[in-house]
There are 2 protein chains.
Amino acid sequence: MENTELHPTKARILETAARLFFEQGFHATGVSTILREAGVNSGSLYHYFPGKDELLVGVLEHYIRIMRPILMEPVEAVVEDPIGRVFKLLERYREGLVAFDFRLGCPIGNLALEVADDHAEARRLINQNFSNWIDAVRDWLAAAGDRLPARVDRRQLASFILTTMEGGIMQSRAARSLDPFDASVAQLRAYFDALQAEAAGSQTTSPSHSCSPSDSAAPTRGR
Amino acid sequence: MENTELHPTKARILETAARLFFEQGFHATGVSTILREAGVNSGSLYHYFPGKDELLVGVLEHYIRIMRPILMEPVEAVVEDPIGRVFKLLERYREGLVAFDFRLGCPIGNLALEVADDHAEARRLINQNFSNWIDAVRDWLAAAGDRLPARVDRRQLASFILTTMEGGIMQSRAARSLDPFDASVAQLRAYFDALQAEAAGSQTTSPSHSCSPSDSAAPTRGR
DNA sequence: AAGTAGATTGAACGATCAATCAACTTTCGC
DNA sequence: GCGAAAGTTGATTGATCGTTCAATCTACTT
């Protein structure tokens, strides 16, 4: 895309700021820390960004650019089944929780609750990130066709999956345990099983291939 | 409780800090702002609290104290039906979103993502708040008895309800619209309908009284 | 009435915050 | 190879950060 025409210094600032905002939050991250870790002088940063707020905007735009290539596409490459993709995506976030010892979750979710109130532009971009995430999952659900009841709004359901992810991550980070996240995903899976069972009951086409729902590995109960 | 033996100045500091941390977040709230709005001098604050971090701990303990009386008990007073209580509680959060123009959601959820990583004590108390919330809802679900399938873990389901609330609020705040929250609650309601239908199908006792699920007012679709 | 511990005052501290800017170097069109 | 634009340097700014503390006031004990 336009990544080729992105100045290396600006890219380094952006990536460093994105990481630090993710790790520590926006207000807790000092500009001096960004400068040190990016190996850049203050003048350079303010050459590319009018201020810290605009840097946040740049970071959020950065997240919009990288979401599909580093999140959706890898999932699509590994899993073919539309509904399987949904739970594969959730599994990715689960792995992230473990890999970073419950210190990191979803970068957008963090910023959403911290900076959404002020700064209209930041809120708009956070909402854009959410919307893109939902639309990608909505496309997967649409591809599931009549495996889900026709009455179910696909985008509503996709939004509910994002809800499950964000809410589950929030609790698991506080508990420093996978239990809440796994519990939420297990309930979501049970909901999907019910939806698929309902769709299988009132079906018009494709008489064979009546798949048994919930074939993937369900997360272990208890601790 | 011990509220009677709480010094008025300390109480005022606590309430002001709780409100400001809720409205602006922990890092974004300066001590000077707390002092000004509480009408207190710095020395008084540091007489009661060793530092800003311990003030946060005090605020989280404050939330633990007030959760049941200002959240659960009013719901229990208005709604008798155990499952109805669950959705009445969610409706409360919904009303809060509207009342504060999507600027405020759940105070614990905000702090969970902002300060949970550092400060072990704060994380512990955030987790305690979540746990108390879940346990209260779990008791409601337990009271629902065989209206829910026996196979469903009540506490897991309660955790999933908290997930729905937090995730829905996060999205609605970013979107400044009730749609994501309503969508999430609608999906949760559909899940509950499926669970109740399943429980009604394989029932041992109480032959009559087969209630039709989802009798309460479902949130309106669209805007 | 004297003594004392607790509560309150508010000026001041050093550290850090985001941001500035004039001087300097590099890159690039022509 | 020249001039201009773009990029970089880093010391420095004023504001604000969380915190301190000696002095003063208040309420209760003896």
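In what follows, every chain begins at residue 1, and chains take the letters A, B, ... in the order their sequences are listed. Keep in mind that what you see is a predicted model, and the values were worked out from it rather than measured.
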Which pairs of donor and acceptor atoms, one on a side chain in residues 24-40 of chain B, lie under 3.5 Å apart (sequence neighbours left out)?
unit_1, atom_1, unit_2, atom_2, d
H27(B), ND1, E114(B), OE2, 3.1
T29(B), OG1, L20(B), O, 3.2
T29(B), OG1, G25(B), O, 2.6
E37(B), OE1, R19(B), NH1, 3.3
E37(B), OE1, R19(B), NH2, 2.6

Exercise for the section: Kindly determine whether N110(B) and R173(B) satisfy side chain to side chain donor-acceptor pair (under 3.5 Å), including the steps that lead there. Expected result: CA-CA 11 Å; N110(B) 296 0; R173(B) 285 183 66 192; 3.2 Å; yes
Exercise for the section: May I ask you to check if K52(A) and Y46(A) form a cation-pi contact, with NZ or CZ under 6.0 angstrom from the six-membered ring centre and within 45° of the axis? Expected result: no
Completion exercise
Contacts of I70(A) meeting side-chain contact (heavy atoms from CB on, under 4.5 Å) (sequence neighbours excluded), chain-then-number -> I66(A)
Handout entry: D81(A) with K88(A): basic N within carboxylate O range, under 4.0 Å
Key = no
Exercise for the section: Report yes if at least one side-chain N or O of H47(B) is closer than 4.0 Å to OP1 or OP2 of dT8(C); otherwise report no. Expected result: no
Completion exercise
To the nearest angstrom, the NZ-P distance between K52(B) and dT16(D) comes to 15 Å
Name the atoms and distances for all side-chain donor-acceptor pairs under 3.5 Å in residues 133-145 of chain A, with sequence neighbours left out.
unit_1, atom_1, unit_2, atom_2, d
W133(A), NE1, Y93(A), OH, 2.9
D135(A), OD1, R138(A), NH2, 2.9
D135(A), OD1, R155(A), NE, 2.9
D135(A), OD1, R155(A), NH2, 3.3
W140(A), NE1, E76(A), OE2, 2.9

Handout entry: Qualifying residues under side-chain hydrogen bond (donor to acceptor under 3.5 Å, both in side chains), relative to E166(A), sequence neighbours excluded
Key = none
Exercise for the section: Taking only heavy atoms on the protein side, list every residue of residues 16-34 of chain A lying under 4.0 Å from any atom of DNA chain D, sorted numerically. Expected result: none
Problem - Under-4.0 Å side-chain N/O to phosphate OP1/OP2 contact, Y48(A) with dA6(D) - result: no
Practice task
Please state whether the phosphate of dG10(D), meaning OP1 or OP2, lies under 4.0 angstrom from any side-chain nitrogen or oxygen of N41(A).
Solution key: yes
Problem - CD/E80(B): more than 12 non-hydrogen atoms of other groups inside 6.0 Å - result: no
Practice task
Can you tell me the distance, in whole Å, between the CG atom of D53(B) and the P atom of dC17(D)?
Solution key: 16 Å
Problem - Whole-Å distance separating the CZ atom of R12(A) from the C1' atom of dG7(D) - result: 12 Å
Completion exercise
Rounded to whole Å, CD1 of I13(B) lies from P of dT19(D) at a distance of 14 Å
Handout entry: Y191(B) and F160(B) aromatic ring geometry - parallel, tilted or perpendicular at 30°/60° bounds
Key = perpendicular
Which pairs, protein N/O on one side and nucleotides 20-25 of chain C N/O on the other, fall under 3.5 Å?
unit_1, atom_1, unit_2, atom_2, d
dT20(C), O4, S42(A), OG, 2.6

Fill in the blank from the handout: Whole-Å distance, F49(B) CZ to dG6(C) P, equals 17 Å
Exercise for the section: Please state how far atom CD in E54(B) lies from atom P in dT20(D), giving the value in whole angstrom units. Expected result: 10 Å
Practice task
Report the residue (L45(B) or L35(A)) whose heavy-atom-nearest nucleotide on DNA chain C is the more 5′ of the two.
Solution key: L45(B)
